> 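Can you keep this structure in mind? I'll have questions shortly.
The model shown is predicted, which means the values in this text are computed figures rather than measured ones.
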Amino acid sequence: AWLEGLADVRLDGPFAEELKDGTVLCKAMNTLSPGSIRKINSSKLPFKQMENVGNFLAAAEAYGVNRCDLFQTVDLYEAKNMLLVVDGIHALGRAAQKNGF
C-alpha cells in the first residue's frame, strides 16, 4: 500500500510482474526525491525496463539507502530473488523515515 501511494498506482497483478519494468519504483522514488529520476522509460524493450530498475537503484542509494540493502536488477527483472527486492523496498522506507518523509 505504501508503494502504491508513493507511485499513485494500484497494483493488482503478481508483485514481480507489477514491478518488473521499474516504472512503479521510479515513480515512487521521484515522489520521495523529486527529479531524482529524470526519464522513466515506458518502452517494453527489456533493456529499457532494466534501465528503469537501475536508475531506481542508483537514486535509492543517493537518497540514503545502503548499497548492501539493495537488490540487483536481475533479482527483480527475472524474479530471481524477490525477498531481496522486498528487503530493498523496506530499506527505502527506512531511509524515507530518516529523511522526514
> If the condition is side-chain hydrogen bond (donor to acceptor under 3.5 Å, both in side chains), which residues does Lys44 pass it with, not counting sequence neighbours?
none

> Could you note down all residue pairs passing salt bridge (Lys or Arg N to Asp or Glu O under 4.0 Å) where residues 32-42 supplies at least one of them, sequence neighbours left out?
none

> Please give me the minimum heavy-atom distance between Asp21 and Val24, naming the atom from each residue.
OD1-N, 4.4 Å

> Which heavy atom of Ala96 sits nearest to which heavy atom of Trp2, and what is that distance?
CB-CZ2, 4.1 Å

> Flag yes if Val9 and Leu19 sit in one hydrophobic cluster, no otherwise; membership is Ile, Leu, Val, Met, Phe, Trp, Tyr, and two members link when side-chain heavy atoms are under 4.5 Å apart.
yes

> Kindly write out the residues that satisfy salt bridge (charged side-chain N to carboxylate O under 4.0 Å, His left out) with Asp12, not counting sequence neighbours, or none if the list is empty.
Arg10

> Is there a donor-acceptor contact under 3.5 Å from the side chain of Asn66 to the main chain of Cys68?
yes

> When you check the side-chain N and O atoms of Asn41 and Ser43, is any donor under 3.5 Å from an acceptor?
no

> Return the set of residues passing side chain to side chain contact (heavy atoms under 4.5 Å, CB included) with Ala62 (not counting sequence neighbours), or none when no residue passes.
none

> Rounded to the nearest 0.5 Å, what separation is found between the CG atom of Leu84 and the CG atom of Asp69?
10.0 Å

> Starting from Met50, can I reach Leu76 by hopping between I/L/V/M/F/W/Y residues whose side chains sit under 4.5 Å apart?
no

> Can you name the side chain to side chain contact (heavy atoms under 4.5 Å, CB included) partners of Ala58, sequence neighbours left out?
none

> Could you state the interatomic distance from CG (Leu25) to CG (Leu92), rounded to the nearest 0.5 Å?
8.5 Å

> In terms of hydrophobic clusters joined by side-chain contacts under 4.5 Å, are Leu6 and Phe56 together?
yes

> Measuring from atom CG of Asn52 to atom NZ of Lys20, what distance do you get when rounded to the nearest 0.5 angstrom?
13.0 Å

> What residues form a side chain to side chain contact (heavy atoms under 4.5 Å, CB included) with Ala95, not counting sequence neighbours?
Tyr63, Val65

> Once you round to the nearest 0.5 Å, how far does CG of Asp8 lie from CG of Leu3?
11.5 Å

> Hydrophobic clusters here meaning ILVMFWY residues chained together by side-chain heavy-atom distances under 4.5 Å, can you tell me if Phe71 and Val86 are in one?
yes

> Among residues at least two apart in sequence or on other chains, which ones pass side chain to side chain contact (heavy atoms under 4.5 Å, CB included) with Ser36?
Met29, Asn30, Ser33, Ala59

> Can you name the residues that form a salt bridge (charged side-chain N to carboxylate O under 4.0 Å, His left out) with Glu61, not counting sequence neighbours?
Arg67

> Any donor-acceptor pair under 3.5 Å linking the side chain of Glu18 with the backbone of Leu11?
no

> Can you pull the side-chain hydrogen bond (donor to acceptor under 3.5 Å, both in side chains) pairs that have at least one residue in residues 72-94, sequence neighbours excluded?
Gln49-Tyr77

> Please give the remaining members of the hydrophobic cluster of Leu45, linking ILVMFWY side chains under 4.5 Å, ordered by chain and number.
Phe47

